[in-house]
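Encoded as C-alpha cells, the structure appears first; notes follow it.
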Amino acid sequence: MNSTEHGALELHEAEIIKPGSVSEGLSKDMRNGHCRTAHNMSSSSLRKKSDLSLVSKVRCGILRNFMSNLNEIFLGTKLFVLFPAVPLAIAAQNYGFGRAWVFALSLLGLTPLAERVSFLTEQIAFYTGPTVGGLLNATCGNATELIIALFALHKGKIEVVKFSLIGSILSNLLLVLGSSLFCGGIANLRKEQYFDRKQANVNTSLLMLGALCHVLLLLFRYVVTSGEQNVAIVPTLALSRFCSIVMLATYMAYLFFQLKTHRQLFESREEDDDNDDVVSEDETVMGFLSALVWLVGFTIIIAVLSEYVVGTIEAAADSWGISISFLSIILLPIVGNAAEHAGAVIFALKNKLDITLGVSLGSATQISMFVVPLSVMVAWVMGIQMDLDFKLLETGALVISILIISFALQDGSSHYLKGFVLLLAYVVIGACFFVLGTPPDQVNGANINNIPVISHNMEV
C-alpha cells in the first residue's frame, strides 16, 4: 500500500471507527455476515470502490471529508452514469420541455437514487445495530414506490397508486425472479441449482394472505353490484381499512420473525467466497451524521422526481400513445427498481439463488403487506376513499402470479425453464394491459369489425 492509499484509509478510519468502540464491533459483525440480508447483498453488487488518491491530498480536514463523501456517494456505484438525469429532469420541468421528457428523465433519475438510499441505510445500520438496521431496510427498501404512491394520493390519482403498486409486485414476482432464474440457469447449465425453501415459503404465505384481502374486496363489490345485498360504499371502505390493519399487523409480526426469532432464515451466508468482490465492498465508508444528512437530502430529491412522475404520467401516456395502466404497471416498476433487479440477476449468475429469492420475494412481500395497506391508511387520514379493490383483471393477475411462483419454487431447485415460464407469464400480462389500454381512437374500423367475427368463430 502506497502512502496515498494509506492516507485515504486513515481518513475513513478517523472519521468513522475508533478502535475498541461499539461502532467497530458492529461493523465487524456486519462484515462477518451478521444481519446481512439479501437486499444488502443485492445492493452491494452494484457498488464499486472509489479512488480517494486525489481526495487525500486536500489539506483542509472539513473539505477533505466533504469531498470524500461526494466521491463515495456519486462514484461509489456502477449507476453513476444515470445521475445527470436528475438535474436534466429538474431543468426540463422548470424550462418548459415536453412533459414526456420530464417523465422519462425523472424515471431514469430515480434509478441511481434508489440504489444510493439503500447504500445510505446500510451505512447507518453499521452504527445502529442489526435490529434497527433491519427495520431501516424493511421500511426504506421500497422508499421510491412509497413516495410515488403518497404523491399520487395527494393529487387524488387513486388508480395510479393501485396500478403502480400492483405492477411492482408483479415485476418482482415474474420479471425479476424470472429473468434471474433464466439467466442463472443458462450460466450454470452444468451445476445443480438449489435454494432454501423455508424463506420462500414464508414470503409466499404472506403474499397469499395479501391476495386474499384483495380477492375478498373484489367479491364483496360483486355481491353489492349484483343486488344480492344492499350495501353502501362505507362498509366497503371499512372492510378495506380493517384488512389493511390486519396486513400491517402481519407485517410487523413478519419483521419480528425475521429480525428476532428466525433471523438465521434470512441472513445471507454467501460471504465465504474470497473471490466475491461484493464482500470486500461491504464496509463502513461514511460517518453516521454524514450518511443521515445525505439520506435526508436524497429522500427530498426522490420526492421531487416522484412528484414530476405523478404529474406528467398522463402527458407521457398521451404522447407515447399508450395507456396510463400500462405505464404504471409495466414501465414504472421496471425503471424504478432497475438497480435492485440487476443485483438479483447478478447473484443468480453466481448460483446464489437464496439472495435472488430474498430480493424478489422480499420486495414483493414488503410492497404487498406494508406499502399497499399503508397507502390505504394514509388515504384514510387524508380523507381519500382508497380501498383494496384492485379490480378483476389486476387481482386475477396477482393471484395467478403468486400461484405460479408457489408451484415453481415448491421443490427447492431451479433451472432456466422455470425462469422462462415466469418471463412469458409477465409478457402475457403486459400484453394484456397494453391491448386493454389502447386509446379509443386507435381501436376503429377493422379492429372493431373483427370482434364479432372472432365471437362467431368461437361459437361455431
Using the ring of each side chain (for Trp, its six-membered ring), is Phe298 parallel, tilted or perpendicular to Trp294, with breaks at 30° and 60°?
perpendicular
How far apart are the C-alpha atoms of Leu353 and Leu181, what are their side-chain angles, what is the distance that settles it, and do they pass the side chain to side chain contact (heavy atoms under 4.5 Å, CB included) test?
CA-CA 8 Å; Leu353 295 184; Leu181 297 183; 4.1 Å; yes
Would you call the rings of Trp320 and Phe103 parallel, tilted or perpendicular, where under 30° means parallel and over 60° means perpendicular?
perpendicular
Glu314 backbone acceptor or donor facing Arg99 side chain under 3.5 Å
no
Test: Asp387 and Lys162 ion pair at under 4.0 Å:
yes
Side chains of Asn351 and Gln193, heavy atoms from C-beta outward: is any pair under 4.5 Å?
yes
I want to check something: taking the side chain as every heavy atom from C-beta on, are Leu388 and Met247 in contact at a cut-off of under 4.5 Å?
yes
Over all atoms of both residues, closest heavy-atom pair of Ser306 and Ile147:
OG-CG2, 3.5 Å
Measure from the ring center of Phe83 to the ring center of Phe80 and say whether it is less than 6.0 Å.
no
So, does Ser106 use its side chain to make a donor-acceptor pair with the main chain of Val309 at under 3.5 Å?
no
Can you confirm whether Leu393 sits close enough to Phe433 that some side-chain heavy atom of one is under 4.5 Å from a side-chain heavy atom of the other?
yes
Quick one: does Ser414's side chain get under 4.5 Å of Phe195's, heavy atoms only?
yes
Please tell me whether Phe434 and Phe326 form a close aromatic pair, meaning their ring centres lie under 6.0 Å apart.
yes
Side-chain contact test, heavy atoms from C-beta onward, threshold under 4.5 Å: evaluate it for Ile245 versus Met377 and give yes or no.
yes
Could you check whether any side-chain heavy atom of Phe347 comes within less than 4.5 Å of a side-chain heavy atom of Val359, counting everything from C-beta outward?
no
Is there side-chain contact between Asn172 and Leu177, with at least one heavy-atom pair below 4.5 Å?
no
Does a sphere of radius 6.0 Å around CZ in Phe420 hold more than 12 heavy atoms from other residues, nucleotides or ligands, not counting ones at 6.0 Å or beyond?
no
Quick test of your reading: applying salt bridge (charged side-chain N to carboxylate O under 4.0 Å, His left out), list the pairs with at least one residue in residues 398-419, sequence neighbours left out, ordered by first then second residue.
Asp411-Lys418
Exam field: side chain Ser328 to backbone Ser325, donor-acceptor pair closer than 3.5 Å
no
